[in-house]
Peer 1: 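Below is the structure I would like to discuss, written out as structure tokens.
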Amino acid sequence: MRLSQYFLPLLRENPSEAQIVSHRLMLRAGMIRQSSAGIYSWLPLGLRVLKRVEAIVREEQDRSGAQEILMPTLQPAELWRESGRYDDYGKEMLRITDRHEREMLYGPTNEEQVTAIVRDAIKSYRDLPKNLYHIQWKFRDEVRPRFGVMRGREFLMKDAYSFDLDAAGAKRAYNKMFFAYLRTFARMGLRAIPMRAETGPIGGDLSHEFIILAETGESEVFCERAWLETDILAEEVDYDADLEPRFRHWTRHYAATGDVHDPAKCPVPADRLVTARGIEVGQIFYFGTKYSRPMGAVVAGPGGEEIALEMGSYGVGVSRLVAALIEANHDDNGIIWPESVAPFRLGLINLRPADAKCREAADTLYARLAGAGVSVLYDDREESPGAKFAAMDLIGLPDQVIIGPRGVAAGTVELKRRRTGERQDLPVDALVARMTAEFPS
RNA sequence: CGGGGCGUGGCGCAGUCUGGUAGCGCACCUGCUUUGGGAGCAGGAUGUCGGAGGUUCGAAUCCUCUCGCCCCGACCA
């Protein structure tokens, strides 16, 4: 993509309303624009990141055996009356009346919707277990949206729902999601710590929140220091195996959200306990028959008996993750994208577009890289060098390739790593070879 | 929902107290010069001062109502 043609409205100054670094950088880097309180448009650069985050979430859900569906944003109030939550949910639920005076709502979550689907379609224990997920926009009419897309009213969320015959099966489903989440966040380079959490309005008795430690986090959390020294999960997970031993291993260190943590009962001595703030990027719940019973989601068991489905739900804040990634990956100059979610693999800077040799060298390299399947953002604008460097650092692509008169004369280009600032001059062929090897299409 | 703050050109702000016909920096347009870390000079364009009503000869400025946004707290799969 040529930057001269790209819609990338950068801001040189911090918008006054943005208080935390991810919000400031998302606005300055032209990723998002606010529409109204807690509601945002995603511009090309931001949407690219959102899609890449979504893709990783999807791949890991699929890998774990969950199946993707897509449920609507608008739901009938009737469904929520069945579970009893229509009145309980309060003003956070956006209620809408259609032209026929039917009560509708913009879904803040989808337990009722998915339970109704499964209830109507699955009648036998033979059809279990099932885990269905979708990635869909949600709306929660927060009293006070803030921090950009970190706590918006409208947000993109992956929510999965598991259906099992008994509690043991539900725990197996829970464990699968537990590891799918560890892998999902690890692939983004995030250390997300699973912490014991309250179940809140979802109900139930087992829940973990996946928390990224950050000063700008909204909630206070507590964990054993060992968590900070543990490598994030990188290895494969066999989802057909019994994951319980591995689950115990990965929960052996104490970690709890502020709601659950009780200093008097904490098993970890103070010198090994870390008190920090955290960003919740995912939460998993086991809640048994809380929805299946009132909604009549039952199957016939082996003996013909009626069995209420054992359920769990599993959420990942996809749009929030984009902000969380920035909170975890930035410096004074801007964003530093992990390669797995970067909007482009590298930025190609032509320092002298007016110079015929530089232009030819840059155009040629751009064509070669694009032809090799490397995603490149090519800054071919007439701007001063400093402005180009600043813009490229701000948007945070993992690598920068700089073409200027010096290198062109010597037959080299300069490669700069955004994260380390490390620079080296390379022959063009070597650069192309390295890029295609590091990031094969 | 309690408390506080802010709405003036795309962004950041001054001007409001003390009413007199809107200004600065950046960004934008044109030209020339520049070109390895947000260039310089010259010229230019851009505003229903959030909205409505009122007071006044005259309102960004005073009064009333209203809308929106932000911050702290409470709230929060």
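For clarity, every value in this text was computed on a predicted model and none was experimentally measured. Computed from heavy atoms alone, side chains included, the values below leave out hydrogens, waters and symmetry copies.
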Peer 1: Please give the nucleotide sitting opposite U30(B) as a Watson-Crick or G-U wobble pair, both distances under 3.5 Å, or none.
Peer 2: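 Because both required distances fall under 3.5 Å, U30(B) counts as paired with A42(B).
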Peer 1: CG of Leu10(A) versus P of C28(B): gap in Å, rounded?
Peer 2: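 For the pair Leu10(A) CG and C28(B) P, the rounded distance is 11 Å.
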Peer 1: Could you measure the distance from the CE atom of Met177(A) to the OG atom of Ser162(A)? Nearest 0.5 Å is fine.
Peer 2: 8.0 Å
Peer 1: With C1' as the reference atom in both, quote the distance from G58(B) to C71(B) in angstrom, rounded to an integer.
Peer 2: 37 Å
Peer 1: Say we look at G3(B) and A39(B): how far apart would their P atoms be, to the nearest angstrom?
Peer 2: 48 Å
Peer 1: Between C13(B) atom P and Leu11(A) atom CG, what is the distance in whole Å?
Peer 2: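 In whole Å, C13(B) P and Leu11(A) CG are 12 Å from each other.
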Peer 1: Would you say the side chain of Lys416(A) and the base of G36(B) hold a donor-acceptor pair, judged only by whether the two atoms sit under 3.5 Å apart?
Peer 2: no
Peer 1: Hey, does the Lys NZ or Arg CZ of Lys171(A) hover above the aromatic six-ring of Phe247(A), less than 6.0 Å from the centre and inside 45° of the axis?
Peer 2: yes
Peer 1: What's touching nucleotides 29-35 of chain B from the protein side, N or O pairs under 3.5 Å?
Peer 2:
residue: U35(B); atom: O2'; partner: Arg352(A); partner atom: NE; Å: 2.6
residue: U35(B); atom: O2'; partner: Arg352(A); partner atom: NH2; Å: 3.3

Peer 1: For Glu339(A), is there an ion pair with Arg345(A) - N to carboxylate O distance below 4.0 angstrom?
Peer 2: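 Salt bridge present between Arg345(A) and Glu339(A).
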Peer 1: State the pairing partner of G23(B); accept Watson-Crick or G-U wobble contacts with both distances under 3.5 Å, and report none otherwise.
Peer 2: C13(B)
Peer 1: Within the 4.0 Å heavy-atom criterion, would you say Arg28(A) contacts the bases, only the backbone, or no part of the nucleic acid?
Peer 2: base
Peer 1: In whole Å, measure the gap between the P atoms of U66(B) and G2(B) for me.
Peer 2: 14 Å
Peer 1: For G2(B), which nucleotide is its Watson-Crick or G-U wobble mate, given both distances must be under 3.5 Å?
Peer 2: C72(B)
Peer 1: Any base atoms under 4.0 Å from Tyr181(A), or only sugar-phosphate, or nothing? Heavy atoms, all strands.
Peer 2: nothing
Peer 1: For residues Tyr366(A) and Tyr378(A), establish whether the separation of their ring centroids is below 6.0 Å.
Peer 2: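 For Tyr366(A) and Tyr378(A), the ring centres are under 6.0 Å apart.
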Peer 1: What nucleic acid atoms does Arg423(A) come within less than 4.0 Å of, heavy atoms only: base, sugar-phosphate, or nothing?
Peer 2: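 Base contact.
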Peer 1: Is it true that Glu414(A) and Arg423(A) have a side-chain N and a carboxylate O under 4.0 angstrom from each other?
Peer 2: yes
Peer 1: Taking the nucleotide of RNA chain B with the closest heavy atom to each, which residue, Gly386(A) or Ser219(A), is nearer the 5' end?
Peer 2: Gly386(A)
Peer 1: Classify the nucleic acid contact of Lys138(A) as base, sugar-phosphate or nothing, counting any heavy atom under 4.0 Å across all strands shown.
Peer 2: nothing
Peer 1: In whole angstroms, how far is the C1' atom of C69(B) from the CG atom of Leu27(A)?
Peer 2: 13 Å
Peer 1: Tell me the partner of G36(B), counting only Watson-Crick (N1-N3 plus N6-O4 or O6-N4) or G-U wobble (N1-O2 and O6-N3) with both under 3.5 Å; none if nothing fits.
Peer 2: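 Paired with G36(B), as far as the under-3.5 Å criterion goes, is no nucleotide at all.
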Peer 1: Whole-Å distance between G36(B) P and Asp425(A) CG?
Peer 2: 16 Å
Peer 1: If you measure from CG on Leu431(A) to CG on Leu348(A), what distance do you get to the nearest 0.5 Å?
Peer 2: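 Spacing of CG (Leu431(A)) from CG (Leu348(A)) equals 8.5 Å.
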Peer 1: Which nucleotide in the list G38(B), G36(B), C11(B) gets nearest to the side chain of Ile402(A)?
Peer 2: G36(B)
Peer 1: Does Arg48(A) qualify as a cation-pi partner of Phe344(A), given the criterion of NZ or CZ under 6.0 Å from the six-membered ring centre and within 45 degrees of its axis?
Peer 2: yes
Peer 1: Roughly how far, to the nearest 0.5 Å, is the CD1 atom of Ile69(A) from the OH atom of Tyr161(A)?
Peer 2: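 Here the interatomic distance stands at 8.5 Å.
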Peer 1: In this structure, how many angstroms lie between the C1' atom of G2(B) and the NZ atom of Lys91(A), rounded?
Peer 2: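 For the pair Lys91(A) NZ and G2(B) C1', the rounded distance is 14 Å.
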Peer 1: One thing to verify: whether Asp429(A) and Arg368(A) come together as a salt bridge, which I'm taking to mean a side-chain N less than 4.0 angstrom from a carboxylate O.
Peer 2: yes
Peer 1: Base, backbone or nothing for each nucleotide of nucleotides 41-47 of chain B, written B, S, -, heavy atoms under 4.0 angstrom, 5' to 3'?
Peer 2: -------
Peer 1: For C28(B) versus A45(B), give the span between their C1' atoms, rounded off to a whole number of Å.
Peer 2: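 My reading of the C1' atoms in C28(B) and A45(B) gives 8 Å.
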Peer 1: Is the cationic atom of Arg246(A) (NZ for Lys, CZ for Arg) positioned less than 6.0 Å from the six-membered ring centroid of Phe179(A) and within 45 degrees of its normal?
Peer 2: yes
Peer 1: Compare every heavy atom of Ala362(A) with every heavy atom of Ile403(A), then report the nearest pair and how far apart it is.
Peer 2: CD1-CA, 3.5 Å
Peer 1: Taking atom C1' in both U8(B) and U61(B), compute the distance separating them and give it to the nearest angstrom.
Peer 2: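 Per the computed distance, 11 Å lies between those C1' atoms.
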Peer 1: Please classify the nucleic acid contact of Asn14(A) as base, sugar-phosphate, or nothing, using heavy-atom distances under 4.0 Å.
Peer 2: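 Since only primed, P, OP1 and OP2 atoms lie under 4.0 Å of Asn14(A), the category is sugar-phosphate.
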Peer 1: Polar atoms only, N or O, under 3.5 Å: list the protein pairs with nucleotides 70-72 of chain B and their distances.
Peer 2:
residue: C70(B); atom: OP1; partner: Gln34(A); partner atom: NE2; Å: 3.3
residue: C70(B); atom: O3'; partner: Glu17(A); partner atom: O; Å: 3.4
residue: C72(B); atom: OP2; partner: Arg144(A); partner atom: NH1; Å: 3.2
residue: C72(B); atom: OP2; partner: Arg144(A); partner atom: NH2; Å: 2.6
residue: C72(B); atom: N4; partner: Arg144(A); partner atom: NE; Å: 3.4

Peer 1: Rounding to the closest angstrom, what is the interatomic distance between A60(B) and G9(B) at atom P?
Peer 2: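 It comes out at 14 Å once rounded to the nearest Å.
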Peer 1: Taking the C1' atom in each of G43(B) and G38(B), what is the distance between them to the nearest angstrom?
Peer 2: 23 Å
Peer 1: Name the residue closer to the 5' end of RNA chain B, choosing between Asn110(A) and Leu394(A) according to the nucleotide with the nearest heavy atom.
Peer 2: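 Of the two residues, Leu394(A) wins.
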Peer 1: With a 3.5 angstrom cut-off on both distances, give the Watson-Crick or G-U wobble partner of G7(B), or none if there isn't one.
Peer 2: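 Here G7(B) is engaged in a pair, and the nucleotide opposite it is C67(B).
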Peer 1: Distance check, P atoms only: C75(B) and G10(B), in whole angstrom units.
Peer 2: 40 Å
Peer 1: Aromatic ring centroids of Trp80(A) and Tyr89(A) under 6.0 Å?
Peer 2: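 Yes; Tyr89(A) has its ring centre under 6.0 Å from that of Trp80(A).
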Peer 1: Going by salt bridge (charged side-chain N to carboxylate O under 4.0 Å, His left out), Asp380(A) matches just one of Arg2(A), Lys388(A), Arg352(A), Arg359(A). Which one?
Peer 2: Arg2(A)
Peer 1: Expressed as a whole number of angstroms, how long is the span from Lys388(A):NZ to G37(B):P?
Peer 2: 13 Å
Peer 1: Measure CE/Met392(A) against P/G36(B) and give the value in whole Å, please.
Peer 2: 17 Å
Peer 1: Is the NZ or CZ atom of Arg81(A) both under 6.0 Å from the centre of the six-membered ring of Tyr86(A) and within 45° of that ring's axis?
Peer 2: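 Output yes; distance and angle both within limits.
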Peer 1: Who does G58(B) pair with, Watson-Crick or G-U, both distances under 3.5 Å?
Peer 2: none
Peer 1: From CD of Glu92(A) over to C1' of C75(B), roughly how many Å is that when rounded to an integer?
Peer 2: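 Between C1' of C75(B) and CD of Glu92(A): 8 Å.
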